[in-house]
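The next block holds one structure in the form of structure tokens; read it before the comments.
Letters go in sequence order (proteins before strands), and every chain restarts at 1.
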There are 2 protein chains.
Amino acid sequence: MTCAADYAPQLRARGYRMTPQRMTILHVLHHSGKHLSPVDIYEQARKELHGITETTVYRTLEFLAENGLVRSAHMGNGHLVYEIARHEHHHIKCRNCGSEMEVDHALLAKLYRQLESASGYRLTDSHVTFFGLCPDCQKGE
Amino acid sequence: MTCAADYAPQLRARGYRMTPQRMTILHVLHHSGKHLSPVDIYEQARKELHGITETTVYRTLEFLAENGLVRSAHMGNGHLVYEIARHEHHHIKCRNCGSEMEVDHALLAKLYRQLESASGYRLTDSHVTFFGLCPDCQKGE
DNA sequence: TTCCTTATTGCAACTTTTTGCAATAGCATA
DNA sequence: TATGCTATTGCAAAAAGTTGCAATAAGGAA
Ligand SMILES: [Mn+2]
Ligand SMILES: [Mn+2]
Ligand SMILES: [Zn+2]
Ligand SMILES: [Zn+2]
């Protein structure tokens, strides 16, 4: 759980607090490494921290995402999933079989710059999901 | 409501049926022109078609999206919104004040081709939301 | 027009996510 | 180490979204 404690200074610097609930949720995400749903996270977290509630899990995930410690993604079923914030990347997902692959942010860097200069917005999030058909599923159409 | 009836052949060609519920929902989306939540759509639709249920609205929206008559989008709060499928476009939204702007798909066309050749996937959906800070909100940081 | 197949709907029960509020507990300060 | 401010949590109730199943009705065929 020391991995999670490392985040404390980041939070304190912004006037927030590190709590057992936040530690636990960060710990779960850190060691999973993959996208997890709030319910997945709740199930794991309650093993490590008896008494944690679903409400807190939802609120904490939103909080951690706002503060850049985790990233959320829509993987097509209309539900959000979360992962610890590591390298910047995006996803491509097959509408048919659900297979996914990662796309490095470098591939989108130029587009991001174009969008920024065209719109005046500064883009802050880099975790987009593109949908399509994987090579296999393209055959059987 | 004739606008909605125009969609009937598209559905029948695929073995589906046009129903009062589908007509009404298409009618609502067609005349709104903007992104609407399922609840918004339900509230409007029930004025035009007494007795329509929320269940049907959710199922119909998913059905229409699968068949390309409407598009769904995640606008950041974790909830889906829907709109009638017109020109291909994307969105940029401000994380701070919520302001949005549209981005023509032409701006992403090259990226889409790159992603397709790099991944082997054929990208089918073009309705992505990018998040950032609008010009105004960049000042007050 | 009538009949028949089966796609579609409504209902009810259930799961997931959100919200207001009072109680709790980080952590900065002394 | 003790104190106080207020960020954070848990609880309970509500809102949003999903699912199984029996009843209904669209629309092709006769
Ligand atoms: Mn990811
Ligand atoms: Mn749109
Ligand atoms: Zn596939
Ligand atoms: Zn803004």
Annotated protein contacts, base or backbone, on nucleotides 8-16 of chain D with a non-hydrogen cut-off under 4.0 Å, one of B, S, - each: SSBBB---S
B:Ala8 vs A:Gly78, nearer the 5' end of DNA chain D by closest nucleotide: A:Gly78
Results of side chain to side chain contact (heavy atoms under 4.5 Å, CB included) for B:Lys34 - residues two or more places apart only: B:Ser32, B:Leu36
Contacting residues from residues 66-75 of chain B, given that a heavy atom lies under 4.0 angstrom of DNA chain D: none
Pairs flagged by side-chain hydrogen bond (donor to acceptor under 3.5 Å, both in side chains) wherever residues 63-79 of chain A is involved - sequence neighbours left out: A:Arg14-A:Asn67, A:His74-B:His74
pair A:Val103-A:Val128: side-chain heavy atoms closer than 4.5 Å: no
Length of the CZ-P vector between B:Arg12 and C:dT6, whole Å: 18 Å
Which residues share a salt bridge (Lys or Arg N to Asp or Glu O under 4.0 Å) with B:Asp40, sequence neighbours left out: none
cation_pi(B:Arg22, B:Phe63) dist<6.0 Å, angle<=45: yes
Test side chain to side chain contact (heavy atoms under 4.5 Å, CB included) applied to A:Ala109 - qualifying residues, sequence neighbours left out: A:Arg113
Gap between atoms CG and P, on B:Leu11 and D:dA26 respectively (whole Å): 14 Å
End axis versus end axis in the helix from C:dT1-D:dA30 to C:dA30-D:dT1, the angle rounded to 10°, five pairs used at each terminus: 30°
Listed partners of A:Tyr58 passing side chain to side chain contact (heavy atoms under 4.5 Å, CB included), at least two apart: A:Pro38, A:Val39, A:Glu54
Non-neighbouring partners of B:Arg59 that pass side chain to side chain contact (heavy atoms under 4.5 Å, CB included), sequence neighbours left out: B:Thr55
d(CG, B:Leu61; P, C:dT8) in whole Å: 15 Å
Euclidean distance, atom CG of residue B:Leu80 to atom P of C:dT18 [Å, nearest integer]: 12 Å
Listed once per pair and sorted, the salt bridge (Lys or Arg N to Asp or Glu O under 4.0 Å) pairs that draw on residues 77-105 of chain B, sequence neighbours left out: A:Asp125-B:Arg95
Pair listing, ring pair (Phe, Tyr, Trp, His ring centres under 6.0 Å) test, anchored in residues 114-135 of chain B, at least two apart: A:Tyr112-B:Phe130, B:His35-B:His127, B:His89-B:His127, B:His91-B:His127
Transitive ILVMFWY cluster of B:Val81, excluding itself - 4.5 Å side-chain cut-off: B:Met75
